[in-house]
Amino acid sequence: METPAMNLLVTGGAGFIGSNLIHHIIDKSEIHRLVNLDCLTYAGRLENLEGLERHPKYVFEKVDLRDKIAVKDAVIRHAVTHILHLAAESHVDRSITGPGDFIQTNIVGTFHLLEAARAAWGADWNGKRFHHVSTDEVYGSLGSTGFFTETTSYAPNSPYSASKAASDFLVRSYHHTYGLPVVTTNCSNNYGPRQFPEKLIPVIIESVCQRRAIPVYGDGMNVRDWLYVLDHAQALWQVLTQGKDGESYNIGGHNEWRNLRIVELICDIMDELAPELGGESRRLITFVKDRPGHDRRYAIDASKIERELGWVPAHTFQTGLRETIQWYLKNQDWVKRVKNKT
């Protein structure tokens with residue numbers, strides 16, 4: 001379908017996926033204005049958007065999704081026509097120790113954004129779209145075979161995934177109850193530049209850089225499907241502009257890897273790229289107690305988005321991982337700055 005000029009609101013645009021997305025799409029001709037709405041929690045960093053401060057299309061709004069009035073004001077004041085909702089508390093370990101923030105941000109915050117869209121758009125849905133960005137973790141855990149599809153039943157196993165599942169259902173309900181033009185995407189694990197150094201791949205990279213123990217949960221045989229963040233950004237754009245109202249699309253990288261094998265691969269690449277660190281990085285691998293509710297395997301069937309919208313990932317895991325490691329090695333000052341501000 002042809003997309004009219006849009007005033008696009010991106011929530012969580014100072015985070016890992018959001019900032020990469022904004023860099024990727026801001027010069028698209030369809031975008032008239034791009035509003036980045038972020039409350040700048042520990043994982044939201046304006047450093048991730050350096051160079052865009054003076055871009056004629058770019059506007060930053062420091063707003064917390066939990067503030068219903070401020071969210072509604074931003075949507076109305078900027079005459080927002082499209083919403084890409086990425087903002088979320090997303091770290092599983094943090095959801096185990098402090099689930100309240102996940103309930104408030106992921107569920108209540110999504111509710112506030114839906115209400116803001118409904119208030120701003122009224123009954124005129126023409127040229128409007130609410131794109132909700134979710135996760136494959138809402139589906140629960142797979143056995144050794146099979147894949148998550150768009151019709152897989154939800155079975156979340158952590159407070160994080162449960163809060164995302166609840167927000168998915170809220171978005172669905174606003175489409176079926178009010179007619180709000182929505183699409184939802186459920187994506188596999190992302191990796192790439194600017195990821196906050198608490199997630200698996202940057203944790204491994206930083207552990208090797210600092211020559212400290214690399215923690216591996218359980219036996220290290222948990223399997224994840226990995227997607228390079230810029231491939232995700234392109235998929236989000238295609239769903240936003242070409243997806244069918246009311247539909248959900250799974251986004252995956254066709255890259256299933258056991259956690260332990262990823263650790264070993266990163267160690268080997270870093271030994272090659274940064275021999276001055278000392279080499280033999282696999283010796284740093286240390287097995288630690290598994291976390292509660294740790295799903296064994298995720299794997300995405302992304303055939304629907306490929307078939308209907310023509311999207312396929314452009315990066316293999318090996319090429320994307322090498323680019324990611326090179327970025328972190330070149331940007332150790334960024335790592336230090338974001339960790340010092342936590």
Side-chain angles (χ1 to χ4, degrees), residues 12-24 36 38-53 60 62 86-95 97 101 160 189-217 224 226-233 257 259-260 262-286 288 291 315 317-342:
F16 164 49
I17 298 174
S19 61
N20 279 284
L21 171 72
I22 290 174
H23 281 289
H24 184 68
N36 172 15
D38 200 302
C39 68
L40 302 181
T41 61
Y42 73 95
R45 305 287 175 172
L46 290 179
E47 295 101 317
N48 293 341
L49 295 154
E50 284 179 349
L52 294 183
E53 302 90 342
F60 174 67
K62 186 177 181 181
L86 293 100
E89 294 283 351
S90 65
H91 194 241
V92 175
D93 287 356
R94 288 178 185 260
S95 82
T97 57
D101 288 339
Y160 161 60
N189 282 27
N190 276 216
Y191 69 98
R194 306 185 186 93
Q195 188 170 31
F196 190 78
E198 68 179 359
K199 301 284 188 171
L200 177 65
I201 287 176
V203 163
I204 300 166
I205 294 170
E206 287 310 298
S207 295
V208 173
C209 285
Q210 302 300 322
R211 309 311 292 175
R212 61 172 183 259
I214 303 170
V216 177
Y217 281 126
R224 298 292 181 264
W226 292 90
L227 180 67
Y228 191 57
V229 66
L230 292 180
D231 288 329
H232 188 194
W257 288 78
N259 286 349
L260 180 59
I262 293 172
V263 176
E264 293 171 340
L265 186 59
I266 292 173
C267 287
D268 295 345
I269 294 174
M270 291 195 68
D271 286 348
E272 173 196 341
L273 295 178
E276 67 276 8
L277 294 174
E280 297 186 335
S281 296
R282 289 195 186 195
R283 292 187 176 185
L284 299 171
I285 296 172
T286 304
V288 299
R291 71 183 179 202
H315 295 78
F317 186 61
Q318 290 90 335
T319 58
L321 187 61
R322 182 173 287 268
E323 289 182 18
T324 300
I325 292 170
Q326 289 173 328
W327 187 90
Y328 277 93
L329 288 174
K330 292 177 181 177
N331 290 275
Q332 284 294 296
D333 287 344
W334 177 91
V335 175
K336 293 175 183 175
R337 288 201 308 273
V338 299
K339 290 177 73 173
N340 287 339
K341 292 181 182 178
T342 303

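What's counted below: heavy atoms across the whole structure, side chains too, no hydrogens, waters or symmetry copies. Just so you know, residue 1 is the first one in the sequence shown, and it goes up from there.
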With a 4.5 Å limit on heavy-atom distance, are the side chains of [X] and [Y] in contact?
X: Asn48; Y: Phe16; value: no
X: Met270; Y: Leu329; value: yes
X: Trp226; Y: Ile201; value: yes
X: Leu265; Y: Ile269; value: yes
X: Phe60; Y: Leu49; value: no

Is a donor on one side and an acceptor on the other found under 3.5 Å between the side chain of [X] and the backbone of [Y]?
X: Asn36; Y: Gly13; answer: yes
X: Asp231; Y: His315; answer: yes
X: Tyr328; Y: Gln195; answer: yes
X: Asp38; Y: Ala14; answer: yes
X: Arg94; Y: Glu89; answer: no
X: Arg282; Y: Asp268; answer: no
X: Thr286; Y: Leu284; answer: yes

Measure the [atom1]-[atom2] distance between [X] and [Y] for me, rounded to the nearest 0.5 Å.
X: Asp93; Y: Lys199; atom1: CG; atom2: NZ; result: 9.0 Å
X: Phe317; Y: Trp257; atom1: CZ; atom2: CH2; result: 6.0 Å
X: Gln326; Y: Arg322; atom1: CD; atom2: CZ; result: 6.5 Å
X: Ile266; Y: Ile285; atom1: CD1; atom2: CD1; result: 10.0 Å
X: Glu264; Y: Ile262; atom1: CD; atom2: CD1; result: 10.5 Å
X: Glu276; Y: Asp271; atom1: CD; atom2: CG; result: 10.5 Å

Open item on the list: Check Arg194 with Glu50, please: is the shortest side-chain N to carboxylate O separation under 4.0 Å?
Closed with: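 Looking at Glu50 and Arg194, the cut-off is not met.
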
So which heavy atom on [X] is nearest to which on [Y], and how close?
X: Pro197; Y: Glu206; value: CB-CG, 4.5 Å
X: Gly12; Y: Ala87; value: N-CB, 3.5 Å
X: Arg45; Y: Val338; value: NH2-O, 3.0 Å
X: Pro193; Y: Asn20; value: O-ND2, 3.1 Å
X: Tyr191; Y: Thr324; value: CD1-OG1, 3.5 Å

Open item on the list: Working note: Cys209 + Val335, criterion side chain to side chain contact (heavy atoms under 4.5 Å, CB included); need CA distance, chi angles, decisive distance, verdict.
Closed with: CA-CA 11 Å; Cys209 285; Val335 175; over 6 Å; no

- [ ] Run through Val203, Ile205, Ile204 and flag the one making a side-chain contact (heavy atoms from CB on, under 4.5 Å) with Ser207.
- [x]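 Result for side-chain contact (heavy atoms from CB on, under 4.5 Å) with Ser207: Val203.
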
- [ ] Step through the shown structure and confirm whether more than 12 heavy atoms of other residues, nucleotides or ligands are within 6.0 Å of CZ on Arg211.
- [x]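 Yes, the 6.0 Å shell around CZ holds more than 12 heavy atoms from other groups.
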
